[in-house]
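Here the structure is laid out as structure tokens; the discussion comes afterwards.
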Amino acid sequence: MLSLRSKAFLIFLPLLLPACKYFELLEPEPPASEQQEVFPDTPDKVLQNMERALDTYYNSLIYSNCLAHDFTFYPDEGLPSPSNEPWDRETEEEIVSNLLLSLDYGTSRPAEVSFNIINRTEMPDSAYLRIGYTMSYVFRDVGNVSAEGEAEIFLRKRMDGRWVMVAWKDRKDTARTWGEVKLTFK
């Protein structure tokens with residue numbers, strides 16, 4: 001049988017528990033202030049979204065949003081045939097999705113991508129950018145793979161104010177190009 005003290009303790013225990021900090025609800029963390037995708041109202045923001053899709057968020061949907069419906073990727077013309085044949089948006093989306101799925105997410109940084117604008121010609125509804133790029137990937141089955149080169153990028157402004165990439169023309173320098181890396185996932 002319980003003593004009077006034990007009974008009193010059991011009666012007052014429910015009143016004491018709410019005062020205990022262990023039972024307080026935690027404050028939710030504030031949402032991330034940086035958006036994964038910014039509205040591409042300039043050609044530079046298209047590149048920013050591409051870089052984030054490939055380097056930070058590993059998100060093929062964000063990458064796909066950067067492409068026009070009639071997008072074409074042109075590998076370096078110096079590659080042997082059929083590796084130098086262009087492909088369309090659907091193939092590009094499949095390749096990039098396969099590439100992102102093959103990254104080794106067990107490493108602290110499975111991808112590092114950087115674009116540098118070398119030259120630009122911009123009109124009210126179209127733009128041409130010549131960029132330099134460096135890309136480093138760590139793939140589960142392949143290991144470290146790097147790409148470096150230049151590309152000619154053609155963009156256009158849609159009626160809704162969104163800029164999209166119409167074409168990417170890879171230019172080989174001395175290193176492996178991004179097109180060569182992507183051919184592995186075609």
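Owing to the predicted nature of the structure, the values given are computational and were not obtained by experimental measurement.
Both V142 and L54 are assigned to one and the same hydrophobic cluster, defined by single-linkage of ILVMFWY side chains at heavy-atom distances under 4.5 Å. Hydrophobic clustering (ILVMFWY, side-chain heavy atoms < 4.5 Å, transitive): I118 and I131 are in distinct clusters. Both V145 and L100 belong to a common hydrophobic cluster when Ile, Leu, Val, Met, Phe, Trp and Tyr are linked at side-chain heavy-atom distances under 4.5 angstrom.
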Can V113 and Y137 be said to form a side-chain contact (heavy atoms from CB on, under 4.5 Å), step by step? CA-CA 9 Å; V113 176; Y137 297 103; 3.9 Å; yes

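Residues N65 and N49 are not in side-chain contact: their nearest non-hydrogen atoms beyond the backbone lie 4.5 Å or more apart. Taking 4.5 Å as the limit, every side-chain heavy atom of F71 sits out of range of all side-chain heavy atoms of E90.
The pair R158-D160 meets the salt-bridge criterion, since a charged nitrogen lies less than 4.0 angstrom from a carboxylate oxygen. A salt bridge is defined here as a Lys NZ or Arg NE, NH1 or NH2 lying under 4.0 Å from an Asp or Glu carboxylate O, and D55 with R109 meets this definition.
The ring pair (Phe, Tyr, Trp, His ring centres under 6.0 Å) test with W168 is passed by exactly one of Y63, Y133, W87: Y133. Partner of E37 under the salt bridge (Lys or Arg N to Asp or Glu O under 4.0 Å) criterion, out of R52, K45, R162: R162 alone.
Taking a 4.5 Å side-chain heavy-atom cut-off between Ile, Leu, Val, Met, Phe, Trp and Tyr, the cluster of Y74 contains only that residue. The hydrophobic cluster containing Y128 also includes F154, under a criterion of side-chain heavy atoms closer than 4.5 Å among ILVMFWY residues, counted directly or through chains of members.
Nearest approach of P110 to Y105, heavy atoms of both residues: CG-CD2, 3.9 Å.
Annotation: salt bridge (charged side-chain N to carboxylate O under 4.0 Å, His left out) contacts involving residues 62-83, sequence neighbours excluded, comprise D70-R156. Identified under the salt bridge (charged side-chain N to carboxylate O under 4.0 Å, His left out) test for residues 125-144, with sequence neighbours left out: R130-E150.
Within a 6.0 Å sphere centred on CD of E122, heavy atoms belonging to other residues, nucleotides or ligands number more than 12. Counting heavy atoms of neighbouring residues, nucleotides and ligands inside a 6.0 Å radius, atom CZ of R171 exceeds 12 of them.
Partners of K182 according to the side chain to side chain donor-acceptor pair (under 3.5 Å) rule, which considers only residues two or more places apart in sequence or in another chain, are E92. When the side chain to side chain contact (heavy atoms under 4.5 Å, CB included) test is applied to S114, the partners found at least two apart in sequence or on another chain are T134.
In this structure, a donor-acceptor pair under 3.5 Å is present between the side chains of E180 and T177.
Ring centroids of F139 and F185 are separated by less than 6.0 Å, placing the two rings close together.
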